[in-house]
> 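Pasting a structure here, questions to come.
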Protein chains: 2
Amino acid sequence: MMKTPSPDSIELAASGRLTCAVETTLDVIGGRWKVLILKELLDDVKRFNQLHRSLHGITQKMLTQQLRELEEDGIIHREVYLQVPPKVEYSLTDLGKTLKPVLEAMHHWGIQYLTARDLAPEDAANSRTIGTIEG
Amino acid sequence: MMKTPSPDSIELAASGRLTCAVETTLDVIGGRWKVLILKELLDDVKRFNQLHRSLHGITQKMLTQQLRELEEDGIIHREVYLQVPPKVEYSLTDLGKTLKPVLEAMHHWGIQYLTARDLAPEDAANSRTIGTIEG
DNA sequence: GTCAATAGTTTCTTTTTGGATAGTACCTTA
DNA sequence: TAAGGTACTATCCAAAAAGAAACTATTGAC
């Protein structure tokens, strides 16, 4: 397994050697829901149903599943309050907070991309899956 | 559809308003193969079979499919040489090159993450899907 | 006794994705 | 004449992911 993560080993990665840590990141935050969940938690702690209401279209099963995976990966913290009705709070861990620059970079590029595509309407018209984004 | 991408609208995104451009990015570079293809093309132009040989385990169908999607999204350029045997070269477009900071951020975080997890071996042991990364 | 609220779990079905395999087209080399 | 290289395309099938809907547990309020 990979070790020796020298500070700016991106050059090595670019040269084709070194395993691809980018995939690791994609593994952790990839998929349809995780970045949206992370976005919700960037500012503050949220409860299960708060998240459920914010993320339009997600099922309880999916939400639970994605939250569990993020928890397993050490990105979020799950705080259970033993009371009735139940109360569970989700928040970012310190590790989770380190994702902010990544999300920012992705957000920035996304905007750049949409802008670039908007300048070329004939291409933007038949772009594939942008429909899933919606405002 | 979203317009008015004010320069650092990440704060707005963090506040929960504004559509999520992060998803757009994930839409374009997400999935199992795209970042690996992009990594291959970061340095130089590559031919179909070069890519096929570099990306262990990918089928021709998948490679073709992913390349077409990246092309549709304006990330890569496909240059066909009318000669026999056929020759097709793939390279990053200018837009594609702007992905570099994103890939770097993701690469950097991936390393950070792996390091953090390695410091906690009991967690690293049962991490879910890191197996797909391999060197 | 039953309703509501919260945070899930379970089951079943559908959709998406991925892979194996074979075929196409063209020319060159043996 | 047959094989080989290149860059695909087409078809079928299996597996994985996602979604819909119903069910569970708990307890205080009515």
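Reminder, nothing fancy here: chain letters follow the sequence lines and each chain counts from 1.
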> Is B:Arg47 close enough to D:dT6 that one of its side-chain N or O atoms is under 4.0 Å from OP1 or OP2 there?
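No, no such contact exists.
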> Is the NZ or CZ atom of A:Lys46 both under 6.0 Å from the centre of the six-membered ring of A:Tyr90 and within 45° of that ring's axis?
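Judged by the rule, A:Lys46 and A:Tyr90 form no cation-pi pair.
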> Any donor-acceptor pair under 3.5 Å linking the side-chain atoms of B:Gln50 with those of B:His52?
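No.
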> Hydrophobic clusters here meaning ILVMFWY residues chained together by side-chain heavy-atom distances under 4.5 Å, can you tell me if B:Val80 and B:Ile75 are in one?
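Looking at the clustering, B:Ile75 is in the same group as B:Val80.
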> Look at all strands and tell whether A:Tyr90 reaches a base, only sugar-phosphate, or nothing, counting heavy atoms closer than 4.0 Å.
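Counting heavy atoms under 4.0 Å across all strands, the contact made by A:Tyr90 is with sugar-phosphate only.
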> Is there a donor-acceptor contact under 3.5 Å from the side chain of B:Thr93 to the main chain of B:His77?
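Pair absent, no side-chain N/O of B:Thr93 close to backbone of B:His77.
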> Which residues in residues 59-67 of chain A have at least one heavy atom lying under 4.0 Å from any atom of DNA chain C?
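DNA chain C contact set from residues 59-67 of chain A: A:Gln60, A:Lys61, A:Thr64.
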> Can you tell me the distance, in whole Å, between the CZ atom of A:Arg53 and the P atom of C:dG8?
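For the pair A:Arg53 CZ and C:dG8 P, the rounded distance is 14 Å.
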> In this structure, how many angstroms lie between the C1' atom of C:dG18 and the CG atom of B:Leu36, rounded?
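Whole-Å distance recorded here is 15 Å.
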> If the plane angle is over 60° it's perpendicular, under 30° parallel, otherwise tilted; pick one for B:Tyr113 and B:Trp109.
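Ring orientation, 0 to 90° scale: parallel.
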> Using a cut-off of less than 4.0 Å, is there contact between a side-chain N or O of A:Trp33 and OP1 or OP2 of D:dG19?
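Yes, such a contact exists.
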> Between B:Arg32 and C:dG18, does any side-chain N or O lie under 4.0 Å from OP1 or OP2?
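Checking C:dG18 against B:Arg32, no side-chain N or O comes under 4.0 Å of OP1 or OP2.
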> It should be established whether B:Arg78 places a side-chain nitrogen or oxygen under 4.0 Å from OP1 or OP2 of nucleotide D:dC8.
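Looking at the OP1 and OP2 atoms of D:dC8, one of them is under 4.0 Å from a side-chain N or O of B:Arg78.
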> Whether A:Lys87 and A:Glu79 form a salt bridge (side-chain N of Lys/Arg under 4.0 Å from carboxylate O of Asp/Glu) is what I want to check.
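So A:Glu79 does not pair with A:Lys87 through a salt bridge.
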